[in-house]
Amino acid sequence: MDNTRDTSVGNKYLILLFLGLIVLGCKDNPKPQIEQEEVAILEDPEPLTEFGFKLDNYIVKRDTIRKGDTFGVILERNNVGYPKIFNIAEKAKDTFDIARSLQVGKPYTLLCEKDSLETAKCFIYQPNLEDYVVINFQDSIQAYRSTKPIKYVEKEATGIIEDNISLTLEEQGLSPRLAYKMADEIFAWTIDFRRLQKGDRFKVIYTDKYIDDTIYTGVHNVKAAYFEHNNEPFYAFEFMTDTTKGIIDYFNEEAKNLRRAFLKAPVKFSRISSRYNLKRRIAVYGYRVRAHRGTDFAAPIGTPIMATANGTVTESRRRGGNGNYVKIRHNATYETQYLHMSKRLVKVGDFVKQGDIIGKVGMTGNTGGPHVCYRFWKNGKQVDPFKQKLPEAKPISDSLKVKYLEFIQPIKHQLDNINFKPQITEEEPQTVIYQSNS
Ligand SMILES: [Zn+2]
């Protein structure tokens, strides 16, 4: 399921803009204390089970693999003799290569006999948070792999963008990952997050992932989101368009793909230092009109420059004021061009995909500082990419559209019924939507 694009952290703009978050539905409000009469009823506590074993039946020893530890060394330390160790390793080898698979720093658990010798009876190794390997040798020797129970909890959150905001994001218990998901994966093509307005607001339905009920591993996915930018509403619903390949995309309430054939910017985490402007006046040119037909994105030298859409490289060279530049033809209508590079990484004829790195930011040619001048060509003329109605990345098929519209109906209803005002809830309104059994 985790085939969403990787997003890196560090978007300063976002951190600033998302700090006015108000979380609905995932606050740790203590449950009201109910006074009880003191009656001494001793109940058997629920026996603690982990890895499918009742831990009460054993002496449980937990440790991590250290330098020099081998399966044999660990077992020998815990009173298992060598012939038996050899036997166990032989029997377990089809499931788990004991000699090679133990990594320093990974946790393991030994279940030992409850007697004075504390002889090991079972070895459990955890290569990661979710998976574990059991080598059980209390009676016959068994080795198998298993997975800890995973739980996805659905949550709702709302936020109002303010300009003067403090670091409350984490205090509110809302993962910054949620902000990145919305800005970089869902609304990246429809909303310019560099230009959010005070009062812009959003609602989001998402799921958090937990292992073993307790280990929080972060935001798993965003199911639906609503963003109000300049009083204009934008809906986004997660939908799997290809169940065999597991392809997930976001569409709006009219089943239009939110991704566009073009990225909004050729560099991540940049600042627009100069927009497309046909009437620009510049001091060095005596304040005469010098039209700027590109959009300048200021970024440090060496910052990777991405192709904003799939296409074929038609020019890659150094010339005059452009410095090092690359030009890409995307289709019969559109071309893009990237100027002042310190380094070009593609050559004429190369086919590039959206997001591919084609060069590095520099200041070759006519430029006062490191930036990439991004030029957007439509039918051979330079236009402002921010004013274009850009084509959808991949429209939903007609047959899926009906399914989609039916699918989002209850979700949209849920989204529309979330209030923006912060609510104090007595109990955490969470819905476990999926729970695996180990
Ligand atoms: Zn420029």
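Treat the numbers as computed from the prediction; the structure is a model and nothing was measured.
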Run the salt bridge (charged side-chain N to carboxylate O under 4.0 Å, His left out) test on Asp213 and Lys151 for me, step by step, so that the C-alpha distance in whole Å, both residues' side-chain angles and the decisive distance to 0.1 Å come before the verdict. CA-CA 6 Å; Asp213 266 344; Lys151 192 168 82 170; 3.0 Å; yes
Determine, step by step, whether Phe96 and Tyr125 satisfy the ring pair (Phe, Tyr, Trp, His ring centres under 6.0 Å) criterion, reporting the C-alpha distance in whole Å, the side-chain angles of both residues, the deciding distance to 0.1 Å, and the verdict. CA-CA 10 Å; Phe96 187 66; Tyr125 173 71; 5.6 Å; yes
Step by step, would you call Tyr325 with Tyr338 a ring pair (Phe, Tyr, Trp, His ring centres under 6.0 Å)? CA-CA 5 Å; Tyr325 75 94; Tyr338 312 78; over 10 Å; no
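Checked for salt-bridge contact, Lys121 and Glu113 meet the test: a charged N lies under 4.0 Å from a carboxylate O. Checked for salt-bridge contact, Lys412 and Glu253 miss the test: no charged N lies under 4.0 Å from a carboxylate O. Taking 4.0 Å as the cut-off between side-chain N and carboxylate O, Glu130 and Lys148 do not count as a salt-bridged pair.
Classified by interplanar angle (parallel below 30°, tilted 30° to 60°, perpendicular above 60°), the ring pair Phe234/Phe187 is perpendicular. Classification of the Tyr210-Tyr216 ring pair by plane angle, with boundaries at 30° and 60°, yields tilted. Aromatic ring pairs are classed by plane angle as parallel below 30°, tilted from 30° to 60° and perpendicular above 60°; the pair Tyr334 and Phe376 is tilted. Between Phe202 and Phe227, the angle of the ring planes stays under 30°, which puts this pair in the parallel group of the 30/60° scheme.
Here the options are Tyr82, Phe123, Tyr108, the test is ring pair (Phe, Tyr, Trp, His ring centres under 6.0 Å), and the partner is Phe71; only Phe123 passes.
Within the cation-pi definition used here (under 6.0 Å to the ring centroid, within 45° of the axis), Lys209 does not qualify as a partner of Tyr152.
By the side-chain hydrogen bond (donor to acceptor under 3.5 Å, both in side chains) test, Tyr58 pairs with Gln138, sequence neighbours left out. When the side chain to side chain contact (heavy atoms under 4.5 Å, CB included) test is applied to Ala143, the partners found at least two apart in sequence or on another chain are Ala92, Thr95, Ile135.
The environment of CG in Asn128 is crowded: more than 12 heavy-atom neighbours from other residues, nucleotides or ligands sit within 6.0 Å.
Between Ile272 and Thr295, the closest side-chain pair of non-hydrogen atoms falls below 4.5 Å.
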